[in-house]
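Notes to accompany the following structure.
So you know, we letter chains A, B, ... as the sequences are listed, proteins then strands, and number each from 1.
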Amino acid sequence: MLDNLNNEQIKAVQITEGPLLIIAGAGSGKTKVLTTKIAYLIDQELAGAKEILAITFTNKAAREMQQRIKKMIGKKADDMQISTFHSFGVRIIRENYMRLNYGRNFTIFDANDSLTLVKKILKEKNLDPKIHNPKNIKNRISSCKNNLVSVKEFQKYVKGYSDEIVKDVFAKYEEKLHKSNAVDFDDLLLKPIELFKSHPEVLKEYQKLFKYILIDEYQDTNEAQYVLVKKLVNQAQNICVVGDESQSIYGFRGSNYRNILNFENDFPNCQQVLLEKNYRSTQNILNVANQVIKHNKQKKEKNLWTDNKKGAEVVVNVLRNEHEEAEYVAQVIDDLQKKGADLQTIAVLYRTNAQSRIIEETVLRKGIPYRIVGNVHFYGRKEIKDLLAYLRLIYNINDDVSLLRVINEPSRKIGSKSIAELEKRAQEKNIGLFEALATSRELVFKNLILLLKEQSEKMSLTDLVEEVLSKSGMREELLREKTAMAEVRLENLEEFKSITKEFEEKYGIISLEDFLAEISLMTDVVEYEDSVPQITLMTIHAAKGLEFKYVFVTGVEEDILPHRNSLDSADDLEEERRLCYVALTRAQEHLYITYTQMRQIFGRRVIATPSRFINEMALASEKTMIVNEDSNLIDESIEYNIGEKIISERYGQGIIVAVSSDLLTIAFEDEIKKFIKGHKSIKKVKEE
DNA sequence: TGATCCAGTTTTTTT
DNA sequence: AACTGGATCA
């Protein structure tokens, strides 16, 4: 088990008792250490699989680690639960919902639901959302909760009118959330803490259960997560945290890299292991990354080194604008591909999601297969959200946000006026919306939900979805529409059934409860085939923890990286530098950095300046590249309309479902693809 | 009530 | 350039 580990790594695995801090530089084999350690604990029979609490940052990381451990120790890993902080919170709340004064069927509100709720409250309080930015208020509420500041405590910090508003909305928000028998993302951490405060005997049970606690990405824990961990640690203090303050990039979400710097103060008897040997990158790449991060003041001294070869020079290129930047990236990728590079080993990174569009268009035009990580492709679609709202309402009839979403979907002639009356009634009687349903139209809806609820208890998830589709009238309405768009929506809904089916097959029979909990915590929902050769486009944040042989870091300009919103705070600027560091250290063999002279922002051309981080890299040379855009593949004269049929060389016949300025979205038999208008690889099908 | 149009706004990053 | 929410009209 320990065969492929270096001395420090072995030490990190074998120190099982007492607090342990593992500082693991980028690419130093952190995941390997963690998984080996867990396998070791089980294999040495120091703990049963259920007695280990292992927390990672993303669901994806959790899944990956689970698989690795399984490979090492086989069946014994079956009971092993690796979770994120949030999914761990769900478990605790579920096991204790009564003590927390919640009903069994509680709903988890995602960020969108929370925002909807804030907007609704503003409306009720007759506050202008233009003056009181709902997103802003939502963020402030969230940061309060992440810092364990209750409404009552917030009162103390209130300075002036706008704070007063935030406080009022916050109070109402908490009230409504509870009335809806719902928790938001932050509650998933907060409620367990509340529980442990009010029920020390329950805390004791969990402390007894978890003999070993392991926390990954400790530099990205926020106050609530930190408190939660500290509470769970028992007398034996078998807590192992792993992290690297140089890779802390979630400050905007309340994470505090000082948690890792303070670990020694929290656990004075802690042991420490430093993993400084990098196995990932070439010397050249590591040098550049080290040069940049050197400029941060707040950090633990460490010296990441490698005995990998020097490798290729890091390439920096200046392009005239974002189109040529994307073109350049695509050309290089094209060349790499011709030389036999595997597309899966190539990643293009950017600071903001907005940058992805042009890159996507360009690789599309070049015919380079790609995937975009973190796009809410599927679950963000209206029809899917509607269906989910039905399921959530069926599960928890107190969920007012979901009720409002579907009460008139499809149209039941319950418009804004009827809804206003319904809300008034509910408010007067101080009851939930569902209970307040009274008019004949509303009662039809109420009975529909009640019927479905009854059915939900005796049929499979997939059958339930089918029932919702037919009984709600969603399917009927889409069939009636007879537009290409409706056709696609219908297909998406059918696709949803195959997702639930997959769930059922994977986990045996799955309850509505499990399914909804799973879905609401999933962000990387689109399960992509790892076997399909394609390049990866994603934000730098999304790239954390990953590695690629070839990495392109684009838009390395002032106002983007570092982002303009972080320029007036020294702390924020250091976080941007760490972000840059994370981007650079994703690369194994080849690192390409680009910036432009001119960029369009909000539809306006703006002069761009190279990022200060480029200077900090202290590179010997950089090149200005003039890229000629290759336009002979495109025939701009062709016009397209929704509903027209298209034939593609690669995907066969499809139908246009959306047209934007440069892009077409085309639905084929079993997938939806985007194309550049007029691209020679697609042709219109003439119809009589 | 629902469809369509227009004006104003947006983009930092996400469990 | 794309999306939202509000205003206007059928």
Side-chain angles (χ1 to χ4, degrees), chain A residues 55-62 83-90 108-112 114-116 119 122-123 128-130 133-136 139 142 145-146 184-189 217 220-222 224-225 248-255 322 349-358 361 373-376 380 382 408-420 441 477 481 517 519-525 538-544 555 559-567 572-573 575-576 578-580 582-583 599-606 658-663:
Chain A
I55 305 264
T56 62
F57 195 68
T58 62
N59 293 301
K60 194 170 151 230
S83 45
T84 62
F85 270 108
H86 291 82
S87 59
F88 174 68
V90 174
I108 301 163
F109 275 23
D110 66 18
N112 245 322
S114 295
L115 187 61
T116 309
K119 284 181 186 163
L122 287 174
K123 211 167 165 189
D128 186 353
K130 274 181 190 138
N133 182 303
K135 232 185 209 161
N136 227 330
N139 283 341
S142 177
K145 294 177 87 162
N146 275 321
D184 65 12
F185 270 169
D186 304 321
D187 284 334
L188 296 180
L189 310 170
E217 308 278 12
D220 278 320
T221 48
N222 63 29
Q225 293 165 333
S248 167
I249 54 174
Y250 282 91
F252 67 94
R253 216 170 74 187
S255 81
E322 70 274 24
L349 309 184
Y350 35 81
R351 174 67 176 84
T352 70
N353 282 307
Q355 291 166 255
S356 70
R357 212 192 83 241
I358 288 168
E361 280 176 22
V373 174
N375 260 20
V376 275
K382 179 186 177 302
N408 203 33
E409 190 62 56
S411 168
R412 298 184 177 87
K413 307 266 179 205
I414 304 173
S416 54
K417 216 166 168 185
S418 319
I419 286 173
R441 282 170 184 170
E477 160 140 314
E481 253 186 66
I519 287 272
S520 51
L521 294 180
M522 265 201 286
T523 42
D524 48 345
V525 271
M538 61 187 156
T539 63
I540 300 171
H541 281 87
K544 187 164 110 152
D559 288 357
I560 294 186
L561 183 66
H563 194 272
R564 64 181 320 157
N565 294 359
S566 21
L567 293 183
D572 288 355
L573 191 71
E575 178 151 318
E576 294 293 304
R578 292 193 292 270
L579 196 53
C580 180
V582 167
R599 184 178 293 271
Q600 203 166 33
I601 292 169
F602 298 145
R604 199 166 276 162
R605 293 240 138 254
V606 174
V659 182
S660 73
S661 57
D662 314 299
L663 285 184

Sugar-phosphate only, base, or nothing, as touched by A/Ser566 at under 4.0 Å among non-hydrogen atoms: nothing
Whole-Å gap separating C1' (B/dT13) and CG (A/Leu349): 13 Å
Sugar-phosphate only, base, or nothing, as touched by A/Ser418 at under 4.0 Å among non-hydrogen atoms: sugar-phosphate
Sugar-phosphate only, base, or nothing, as touched by A/Phe85 at under 4.0 Å among non-hydrogen atoms: nothing
Minimum-distance nucleotide to A/Asn133 side chain [options: B/dT15, C/dG5, B/dT10]: B/dT10
Base of B/dT14 and ring of A/Tyr250 stacked, centres under 5.5 Å, planes under 30°: no
Nearest to side-chain heavy atoms of A/Arg357, which nucleotide of B/dT14, B/dT15, C/dA1: C/dA1
Atom pair distance, as rounded to whole Å: CZ in A/Arg604 and C1' in B/dT10: 13 Å
Nucleotide nearest A/Phe602 when distance is taken to its side chain, options B/dT15, B/dG2, B/dT11: B/dT11
Test side-chain hydrogen bond (donor to acceptor under 3.5 Å, both in side chains) applied to A/Asn139 - qualifying residues, sequence neighbours left out: none
Set of side-chain hydrogen bond (donor to acceptor under 3.5 Å, both in side chains) partners for A/Ser83, sequence neighbours left out: none
A/Arg604, CZ atom: more than 12 neighbouring heavy atoms under 6.0 Å: no
Length of the CG-C1' vector between A/Asn112 and B/dT14, whole Å: 12 Å
Aro-ring/base stack A/Phe252-B/dT14, d under 5.5 Å, angle under 30°: no
Among B/dT14, B/dT11, B/dT15, the one nearest A/Thr539 by side-chain distance: B/dT14
First of A/Arg441 and A/Leu579 reached from the 5' end of DNA chain B, by closest nucleotide: A/Arg441
Protein-nucleotide distance (A/Asn139, atom CG; B/dT10, atom C1'), rounded to Å: 15 Å
N-O pairing of A/Lys145 and A/Asp184 below 4.0 Å: yes
Note: A/Glu576-A/Arg564 ion pair, threshold 4.0 Å (strictly below): no
Sugar-phosphate only, base, or nothing, as touched by A/Lys544 at under 4.0 Å among non-hydrogen atoms: nothing
Nearest-Å distance for atom pair CG/C1', residues A/Asp128 and C/dG6: 12 Å
Residue whose nearest DNA chain B nucleotide is more 5′ - A/Lys135 or A/Asn408: A/Asn408
Nucleotide nearest A/His541 when distance is taken to its side chain, options B/dT11, B/dT15, B/dT14: B/dT14
Nearest-angstrom distance from the residue atom CG of A/Leu122 to P of C/dG5: 13 Å
Integer-rounded Å distance: C/dC3 P and A/Lys119 NZ: 15 Å
Options B/dT15, B/dG2, B/dT11, nucleotide nearest the side-chain atoms of A/Ser411: B/dG2
